[in-house]
Chemist: 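Structure incoming, see below.
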Amino acid sequence: MLFAFSVAPMTTPHEDGSVTEAVARAVDIVRKSGLPNETSSMFTTIEGEWDEVMPVIKAACAAVAEVSPRVSLVLKADLRPGFTGEMTAKVERLNSALEQMDQ
């Protein structure tokens, strides 16, 4: 199962509104979880079963809450039990379909 999420503080002490440091705290927890993960400019995707992933997302939110009294979480899930490696396999299938369209 794939879980894409974005967690960020609702407040920041930075004049420019930067949330980089708080988000880095969350991403650090994800990376140390040992679960397959990938971070892009807007979301972090993590792969695993419910019971593996949800505590990691909760801990990431708690890390952000340590620096902000209010936290925003956006979560999207692709619930497909029994499949693994889908973080890359889905992209490979998409690229293959795009190549077929070009032929």
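FYI, side chains are in, hydrogens and waters are out, and symmetry mates aren't considered; it's all heavy atoms of this structure. Numbering of residues begins at 1 and proceeds along the displayed sequence.
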Chemist: Can you tell me how far CZ of Arg70 sits from OG1 of Thr11, rounded to the nearest 0.5 angstrom?
Modeler: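 If we round to the nearest 0.5 Å, Thr11:OG1 and Arg70:CZ are 9.5 Å apart.
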Chemist: Do Val53 and Leu79 belong to the same hydrophobic cluster, where Ile, Leu, Val, Met, Phe, Trp and Tyr are linked whenever their side-chain heavy atoms lie under 4.5 Å apart, directly or via other members?
Modeler: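 Val53 clusters together with Leu79.
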Chemist: Indicate if Val7 and Trp50 have the same hydrophobic cluster label, given that clusters are the connected sets of ILVMFWY residues with side-chain heavy-atom separations under 4.5 angstrom.
Modeler: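 The answer is yes; both residues are in one hydrophobic cluster.
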Chemist: Is there any ring pair (Phe, Tyr, Trp, His ring centres under 6.0 Å) pair reaching into residues 84-103, and which pairs are they, with sequence neighbours excluded?
Modeler: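 Residue pairs with at least one partner in residues 84-103: there are none.
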Chemist: Return each pair, listed once, that meets ring pair (Phe, Tyr, Trp, His ring centres under 6.0 Å) where at least one residue sits in residues 63-103; pairs must be two or more places apart or across chains.
Modeler: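 Listed by first then second residue: nothing to list.
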Chemist: Could you pull out all residues at least two apart from Glu66 that satisfy side-chain hydrogen bond (donor to acceptor under 3.5 Å, both in side chains)?
Modeler: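 Checked Glu66 against side-chain hydrogen bond (donor to acceptor under 3.5 Å, both in side chains); matches are Arg25.
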Chemist: Taking C-beta and beyond as the side chain, do Lys76 and Phe5 meet within less than 4.5 Å on heavy atoms?
Modeler: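 Side chain of Lys76 against side chain of Phe5, heavy atoms only: no contact under 4.5 Å found.
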Chemist: Does any part of the side chain of Thr39, heavy atoms only, come nearer than 4.5 Å to the side chain of Arg31, both counted from C-beta?
Modeler: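 Of all side-chain heavy-atom pairs linking Thr39 with Arg31, at least one is under 4.5 Å.
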Chemist: To the nearest 0.5 Å, how far apart are CD in Gln100 and CG in Asn95?
Modeler: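 Output value for this atom pair is 12.0 Å.
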Chemist: With rounding to the nearest 0.5 angstrom, report the CG to OG1 distance, Leu35 to Thr45.
Modeler: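 Rounded to the nearest 0.5 Å, the CG-OG1 separation comes out at 12.5 Å.
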Chemist: Output all residues satisfying side chain to side chain contact (heavy atoms under 4.5 Å, CB included) with Arg93, sequence neighbours left out; order by chain, then residue number.
Modeler: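 Only Arg80, Glu86, Ala89, Lys90 meet the side chain to side chain contact (heavy atoms under 4.5 Å, CB included) criterion with Arg93.
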Chemist: Who passes side chain to side chain contact (heavy atoms under 4.5 Å, CB included) against Phe43, sequence neighbours left out?
Modeler: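 Listed in chain order: Ala4, Ser6, Ser40, Val74.
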Chemist: To the nearest 0.5 Å, what is the distance between CG on Asn37 and CD1 on Ile46?
Modeler: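 These two atoms lie 6.0 Å from each other.
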Chemist: Which heavy-atom pair separates Gly48 from Phe3 by the least distance, and what is that distance?
Modeler: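 So the minimum-distance heavy-atom pair works out to O-CE1, 3.6 Å.
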Chemist: Looking at CE of Met87 and CG of Leu2, how far apart are the two atoms once the value is rounded to the nearest 0.5 Å?
Modeler: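 Going from the CE atom of Met87 to the CG atom of Leu2 covers 6.5 Å.
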Chemist: Are Val19 and Leu75 linked, directly or through other ILVMFWY residues, by side chains that come within less than 4.5 angstrom of each other?
Modeler: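 In one cluster: no.
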Chemist: Among pairs that include at least one residue of residues 32-41, which meet salt bridge (charged side-chain N to carboxylate O under 4.0 Å, His left out), considering only residues two or more places apart or in two chains?
Modeler: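 For residues 32-41, and leaving out neighbouring residues, the salt bridge (charged side-chain N to carboxylate O under 4.0 Å, His left out) pairs sorted by first residue read Asp28-Lys32.
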Chemist: For the hydrophobic clusters of this structure (ILVMFWY residues joined by side-chain heavy atoms under 4.5 Å, transitively), does one cluster hold both Met42 and Val23?
Modeler: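 Each belongs to a different hydrophobic cluster.
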Chemist: Can you name the closest pair of heavy atoms from Ser18 and His14 and give their distance?
Modeler: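 Closest approach of Ser18 to His14, heavy atoms only: O-CD2, 3.3 Å.
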Chemist: If you take all heavy atoms of Val71 and Val64, which pair is closest and at what distance?
Modeler: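 The answer is CG2-CG1, 3.9 Å.
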Chemist: Give a yes or no on whether Val67 and Ile29 share a hydrophobic cluster (residues Ile, Leu, Val, Met, Phe, Trp, Tyr; joining criterion: side-chain heavy atoms under 4.5 Å apart).
Modeler: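 In one cluster: no.
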Chemist: Considering all heavy atoms of both residues, which atom of Ser68 and which atom of Pro9 are nearest to each other, and what is their separation?
Modeler: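 Reported closest heavy-atom pair: CB-CB, 3.3 Å.
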Chemist: Measure across Val56 and Ser33 and return the closest heavy-atom pair with its distance rounded to 0.1 Å.
Modeler: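 So the two residues come closest at CG2-CB, 3.7 Å.
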